[in-house]
Amino acid sequence: MDIIEAVRRITVSTCQRETCFQDYIATLMNARTRVVINGGVEVDVYGNDIAIEIKVNPRIYDGIGQALTYKRLLGIREVWLIHIFTYRADAQQWCKELGKILSGLGIDYAVITPSHKCINNE
């Protein structure tokens with residue numbers, strides 16, 4: 001399964017902890033979790049040259065450094081940052097702001113709340 005379909009399947013009720021979401025997405029994508037690359041960079045979910053950084057109830061900047069490291073330092077072709085909120089949050093506004101921050105970096109993103117999902121500001 002591809003990353004977009006995996007993101008569409010996630011619901012906030014699926015898990016409460018970051019590691020649970022990592023395991024769930026990895027299972028859907030036939031990928032591995034918590035993979036250490038280059039002797040010290042841990043990738044939350046990795047497979048088929050796709051790296052995914054997942055943050056639960058994050059601040060707007062959470063996970064950006066890791067995602068940028070996957071893209072620029074490790075040279076991973078496709079990098080995703082997924083922010084998941086277990087409480088009610090304004091996903092559309094969050095997606096807009098995250099899109100501004102990530103613009104031009106080549107990092108895809110998704111925001112998931114109990115009532116809404118946003119993938120690359122769509």
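Everything numeric here is computed off the predicted structure, so don't read it as measured data.
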If you look at every heavy atom in [X] and [Y], which pair is closest and at what distance?
X	Y	value
His83	Ile60	CE1-O, 3.5 Å
Cys118	Ala91	CB-O, 4.5 Å
Tyr109	Cys95	CE1-SG, 3.4 Å
Val79	Ala67	CG1-O, 3.5 Å
Val56	Glu18	N-OE1, 3.4 Å

Checking [X] side chain against [Y] main chain: does a donor-acceptor pair fall under 3.5 Å?
X	Y	answer
Asp49	Ile76	no
Arg72	Leu105	yes
Lys71	Gly106	yes
Tyr24	Thr19	no
Asp62	Arg59	yes
Ser103	Gly99	no

Honestly curious: do Tyr46 and Val36 fall in one hydrophobic cluster under the side-chain, below-4.5 Å linking rule?
no
Look at the side-chain heavy atoms of Ile, Leu, Val, Met, Phe, Trp and Tyr, link any pair under 4.5 Å apart, and say whether Ile37 and Leu73 land in one connected group.
no
Below 4.5 Å, heavy atoms only, C-beta onward: do [X] and [Y] meet side chain to side chain?
X	Y	result
Leu74	Val43	yes
Glu53	Ile107	no
Phe21	Val45	no
Ile82	Ile25	yes
Phe85	Ile112	no

Inter-residue atom distance [X].[atom1] - [Y].[atom2], 0.5 Å rounding:
X	Y	atom1	atom2	result
Thr27	Arg9	OG1	CZ	12.0 Å
Ile54	Thr33	CD1	OG1	9.5 Å
Lys96	Lys100	NZ	NZ	5.0 Å
Met29	Glu5	CE	CD	11.0 Å
Leu98	Leu81	CG	CG	5.5 Å
Lys117	Ile10	NZ	CD1	7.0 Å

Yes or no on side chain to side chain contact (heavy atoms under 4.5 Å, CB included) for Gln66 and Asp44, after CA distance, side-chain angles and deciding distance?
CA-CA 10 Å; Gln66 289 98 318; Asp44 286 351; over 6 Å; no
Other residues, nucleotides, ligands: >12 heavy atoms within 6.0 Å of [X] [atom1]:
X	atom1	value
Asn57	CG	yes
Arg34	CZ	yes
Arg77	CZ	yes

Test side chain to side chain contact (heavy atoms under 4.5 Å, CB included) on Trp80 and Ile119; report intermediate values, then the result.
CA-CA 10 Å; Trp80 281 78; Ile119 300 172; 3.7 Å; yes
